[in-house]
Amino acid sequence: MDEQAVIEGTRRWISSFVIGLNLCPFARRVFDAGAIRYVVSDAEDEETLLGDLAGELAALASSPISAVETTLLIHPRALRDFLDYNDFLGVGDRLVGALGLRGVIQIASFHPDYRFAGTAPGSVANYTNRSPYPMLHLLREESVSAVAGEALEIPRRNVRTLKDLGREKILERLKATKDLSP
């Protein structure tokens, strides 16, 4: 696995898809400031990934927000099946609590096959959380709280944006981010 290629693919996805479609209006500031820590895990199983997650939670909690505001723990080899990944999210949340970081850090979820409960696999709504690789987005609660009022409308707005764009255009945009050489 070429870690740099994974990071570059993730950066292209953020730039073209997340920022390009304004799915997260706060992403540009953090992205442009270089305040995202990208970590590619070699984990192939849940136990190893859990250890990597514990290390990254501790690293984010101990880093000044001016240096690292958020972390993307990208794990291309672990939890490639979405249902396994979805089950792991509860384990990750329990780890946040066990480390005493509840209210400090939260985990947002992104996966190539992301599927919201009650949606069809091909629903455009699912693409709001579809990424090139399985990843765990570690967010500082203080960053989320600073935009809490605005953040409540984001999911609804994103679904509208993607519905207006249409599945074919979404897939074209995603393919374009993958087709670029790192």
Handout entry: Stepwise side-chain contact (heavy atoms from CB on, under 4.5 Å) check, L60 with V104
Key = CA-CA 10 Å; L60 182 60; V104 177; over 6 Å; no
Exercise for the section: List the steps and the verdict of side-chain contact (heavy atoms from CB on, under 4.5 Å) for L57 and L95. Expected result: CA-CA 9 Å; L57 286 165; L95 177 62; 3.9 Å; yes
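In the hydrophobic clustering of this structure, F88 groups with V39; members are Ile, Leu, Val, Met, Phe, Trp, Tyr whose side-chain heavy atoms approach within less than 4.5 Å, directly or through other members. Under the 4.5 Å side-chain contact rule for hydrophobic residues, L99 and L89 share a cluster. No continuous path of hydrophobic side-chain contacts links V91 to M135 [ILVMFWY only; heavy atoms under 4.5 Å]. Grouping the Ile, Leu, Val, Met, Phe, Trp and Tyr side chains by contacts below 4.5 angstrom, directly or via other members, places I105 with L136. Following chains of ILVMFWY side-chain contacts shorter than 4.5 Å, one cannot reach I36 starting from V68, and the two form parts of different hydrophobic clusters.
Sorted by first and then second residue, the side-chain hydrogen bond (donor to acceptor under 3.5 Å, both in side chains) pairs involving residues 95-124 (not counting sequence neighbours) are D93-R102, Q106-E141, S109-Y114, T119-N126. Each side-chain hydrogen bond (donor to acceptor under 3.5 Å, both in side chains) pair with one or both residues in residues 53-71, not counting sequence neighbours, appears once here: R29-E69, R37-E56, E69-S143, T70-H137. Sorted by first then second residue, the salt bridge (Lys or Arg N to Asp or Glu O under 4.0 Å) pairs that include residues 120-133, not counting sequence neighbours, number zero. For residues 74-89, every residue pair satisfying the salt bridge (Lys or Arg N to Asp or Glu O under 4.0 Å) rule, not counting sequence neighbours, is listed here: E44-R77.
With respect to W13, the ring-ring contact (aromatic ring centres under 6.0 Å, His included) criterion is satisfied by exactly one of F110, Y127, Y38: F110. For the pairing with P76, the side chain to side chain contact (heavy atoms under 4.5 Å, CB included) check across V6, D42, T10 returns one residue only, V6.
Applying the salt bridge (charged side-chain N to carboxylate O under 4.0 Å, His left out) rule to E3 yields no partners; only residues at least two apart in sequence or on another chain are considered. Residues satisfying the salt bridge (charged side-chain N to carboxylate O under 4.0 Å, His left out) test with R160, not counting sequence neighbours, are E153.
In this structure, CG on L174 lies 4.5 Å from CZ on F17, to the nearest 0.5 angstrom. Distance check, rounded to the nearest 0.5 Å: CD1 of I7 to CG of D2 gives 9.0 Å. In this structure, CG in L101 is found 9.5 Å from CD1 in I107, a value given to the nearest 0.5 Å.
Across A27 and V18, no two heavy atoms sit closer than the pair CB-CG1, 4.0 Å. R157 approaches P25 most closely through the heavy-atom pair NH2-CD, 3.6 Å. For G92 against L53, the heavy-atom pair with the smallest separation is CA-CD2, 3.8 Å.
Between L162 and L21, the closest side-chain pair of non-hydrogen atoms falls below 4.5 Å. Looking only at side-chain heavy atoms (C-beta outward), P155 and N158 stay at 4.5 Å or farther from each other. For the pair K175/L171, no side-chain contact is recorded, criterion being any heavy-atom separation below 4.5 Å from C-beta on. Proximity of P112 to S131: side-chain heavy atoms (C-beta onward) are separated by under 4.5 Å at one or more points. Two residues are said to be in side-chain contact when any heavy atoms from C-beta on lie closer than 4.5 Å; L50 and E47 fail this criterion. Annotation: side chain of I14 is in contact with side chain of I19 (closest heavy-atom distance under 4.5 Å). Counting heavy atoms from C-beta outward, V40 and Y133 have side chains that stay 4.5 Å or more apart. Inter-residue side-chain proximity for L49 and L73 is flagged as met; some heavy-atom pair is nearer than 4.5 Å.
Using a distance-only test at 3.5 Å, with no hydrogens or angles considered, a donor-acceptor pair links the side chain of R12 to the main chain of T177. No donor-acceptor distance shorter than 3.5 angstrom exists from the side chain of R11 to the backbone of F31, with no hydrogens or angles considered.
When only modelled atom types and interatomic distance are considered, D52 and S41 share a side-chain donor-acceptor pair under 3.5 Å.
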